[in-house]
Amino acid sequence: YMSFELFNTITAYGDQIGLTINNRPDLILNNLKQFDNNWAKYNPRKNINRWGLSITNLDGILGPGPDLDSLYEYNKENNTTISESSFTVPTPVYDVVAHYCDPFKEWLFRSHILKLPPGGFFPTHVDNIGHTIDSFRLLVPLQVCNPLDGGYFIYEQNKILVWDYGRVYFLNTCKRHTIFNASDDDDHIVLIINVKLTKESVSTVTNLIEA
């Protein structure tokens with residue numbers, strides 16, 4: 001399966017890899033304040049306190065939609081065949097995070113900013129099942145992502161990941177992971193960039209790995 005061969009070109013360097021693209025997280029968070037009223041419930045069927053702000057979606061308009069839902073459940077309910085690759089139109093939020101997204105612009109799939117208020121969590125899950133894979137995940141931790149701040153990103157059941165805020169990371173999300181915000185008063189905020197798996201996008205990532 002060519003696609004996993006390609007994916008594993010990146011994972012050969014590790015499962016969590018810091019890239020050379022970074023920025024001041026406080027600037028990003030400040031610029032996101034203009035969208036305070038645009039956050040939409042993430043996967044609204046589940047009663048979990050988590051919110052999303054789309055960077056790319058179907059129409060470039062902010063608000064609830066399949067891009068902030070479980071695609072599997074959305075497609076089942078609506079008899080649609082929407083996939084990660086359907087969401088390619090930039091929303092106004094794109095401009096705030098362009099520094100991170102521009103290097104991957106031509107390969108962007110469904111991308112968004114996730115917010116978990118205190119007590120919010122993502123149950124344990126993997127992002128890809130099966131013999132093929134058509135995209136990979138880049139993450140930018142912005143706030144409350146490290147244990148010191150109350151943010152826990154648990155990887156493969158027993159590793160707690162630590163991040164530099166404002167830096168782009170490749171993360172192998174084919175391995176089981178769980179996220180929760182145990183902070184008293186601050187939101188966990190992370191940028192999720194979904195990138196189409198191609199020779200060019202993989203080269204772009206490997207060229208950005210810190211020597």
Side-chain angles (χ1 to χ4, degrees), residues 1-23 25 28 52 54-57 67 70-72 75 81-90 93-94 97-114 122-142 145-146 151-179 189-211:
Y1 296 100
M2 177 64 188
S3 57
F4 263 103
E5 270 178 49
L6 205 45
F7 183 75
N8 292 335
T9 308
I10 309 179
T11 60
Y13 294 93
D15 287 325
Q16 179 200 23
I17 310 165
L19 305 184
T20 53
I21 305 171
N22 57 43
N23 206 339
I28 307 289
S54 304
I55 294 163
T56 60
N57 63 14
D67 53 303
S70 154
L71 292 184
Y72 172 75
N75 284 330
T81 52
I82 294 171
S83 71
E84 299 276 355
S85 59
S86 308
F87 306 100
T88 55
V89 184
V93 180
Y94 184 96
V97 292
H99 176 72
Y100 297 121
C101 296
D102 277 352
F104 309 98
K105 196 168 191 174
E106 58 188 295
W107 310 292
L108 278 193
F109 281 2
R110 173 166 73 150
S111 300
H112 42 257
I113 296 167
L114 276 181
F122 260 82
T124 179
H125 67 288
V126 294
D127 286 343
N128 193 86
I129 304 281
H131 297 298
T132 58
I133 181 165
D134 62 1
S135 64
F136 60 86
R137 300 279 199 292
L138 300 175
L139 273 69
V140 183
L142 293 170
C145 297
N146 287 328
Y152 289 83
F153 197 113
I154 301 166
Y155 194 70
E156 293 189 290
Q157 306 317 301
N158 60 2
K159 298 176 193 157
I160 294 174
L161 300 185
V162 176
W163 315 83
D164 286 343
Y165 288 112
R167 177 177 299 285
V168 177
Y169 286 83
F170 164 83
L171 187 72
N172 178 1
T173 57
C174 295
K175 294 188 175 177
R176 202 157 276 286
H177 54 286
T178 310
I179 303 138
I189 300 177
V190 62
L191 161 59
I192 312 279
I193 304 171
N194 222 342
V195 183
K196 182 181 183 179
L197 186 66
T198 69
K199 280 190 173 139
E200 294 74 26
S201 65
V202 166
S203 293
T204 301
V205 169
T206 53
N207 288 334
L208 288 164
I209 294 174
E210 292 207 274

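From a predicted model like this one, the values you see are computed outputs, not experimental measurements.
Residues satisfying the side chain to side chain donor-acceptor pair (under 3.5 Å) criterion with Y165, sequence neighbours excluded, are D149. By the side-chain contact (heavy atoms from CB on, under 4.5 Å) test, V89 pairs with no residue at all, sequence neighbours left out. N75 is linked by a side chain to side chain donor-acceptor pair (under 3.5 Å) to T80, counting only residues two or more places apart in sequence or in another chain. Y169 is linked by a ring pair (Phe, Tyr, Trp, His ring centres under 6.0 Å) to W163, counting only residues two or more places apart in sequence or in another chain. Applying the side chain to side chain donor-acceptor pair (under 3.5 Å) criterion to S201, with sequence neighbours excluded, gives T198. For D102, there are no salt bridge (Lys or Arg N to Asp or Glu O under 4.0 Å) partners two or more places apart in sequence or in a different chain. By the side-chain contact (heavy atoms from CB on, under 4.5 Å) test, P90 pairs with Y94, sequence neighbours left out. In this structure, the side chain to side chain donor-acceptor pair (under 3.5 Å) partners of T173, at least two apart in sequence or on a different chain, are D127. Contacts of H125 classified as ring pair (Phe, Tyr, Trp, His ring centres under 6.0 Å), with partners at least two apart in sequence or in another chain: F122, H177.
Shortest non-hydrogen contact noted between G130 and F4 is O-CE1, 3.7 Å. The minimum heavy-atom distance linking P103 with A98 is given by the pair CD-O, 4.3 Å. Smallest separation of non-hydrogen atoms from T56 and F87: OG1-O, 3.1 Å. Here the closest heavy-atom approach between residue C174 and residue I133 is recorded as SG-CD1, 3.6 Å. Y100 and F104 get closest at one heavy-atom pair: O-CD1, 3.5 Å. A pairwise comparison of heavy atoms in C101 and L108 identifies CB-CD1, 4.1 Å as the closest pair.
Annotation: salt bridge (charged side-chain N to carboxylate O under 4.0 Å, His left out) contacts involving residues 160-173, sequence neighbours excluded, comprise D164-R167, R167-E210. Residues in residues 12-22 take part in these side chain to side chain donor-acceptor pair (under 3.5 Å) pairs, two or more places apart or across chains: D15-N172, D15-K175. Residues in residues 103-112 take part in these side chain to side chain donor-acceptor pair (under 3.5 Å) pairs, two or more places apart or across chains: E84-R110.
Distance CD1/I193 to OG/S135: 12.5 Å, rounded to 0.5 Å. Distance check: L139 CG to C145 SG gives 8.5 Å after rounding to the nearest 0.5 Å. One distance of note links CG of L114 with CD1 of I179; it measures 7.5 Å at 0.5 Å rounding.
Considering only heavy atoms from C-beta on, I113 stays 4.5 Å or farther from V190 through its side chain. The side-chain heavy atoms of V126 and I129, taken from C-beta on, include a pair separated by under 4.5 Å. Here the side chains of F136 and L171 are not in contact, with every heavy-atom distance at 4.5 Å or above.
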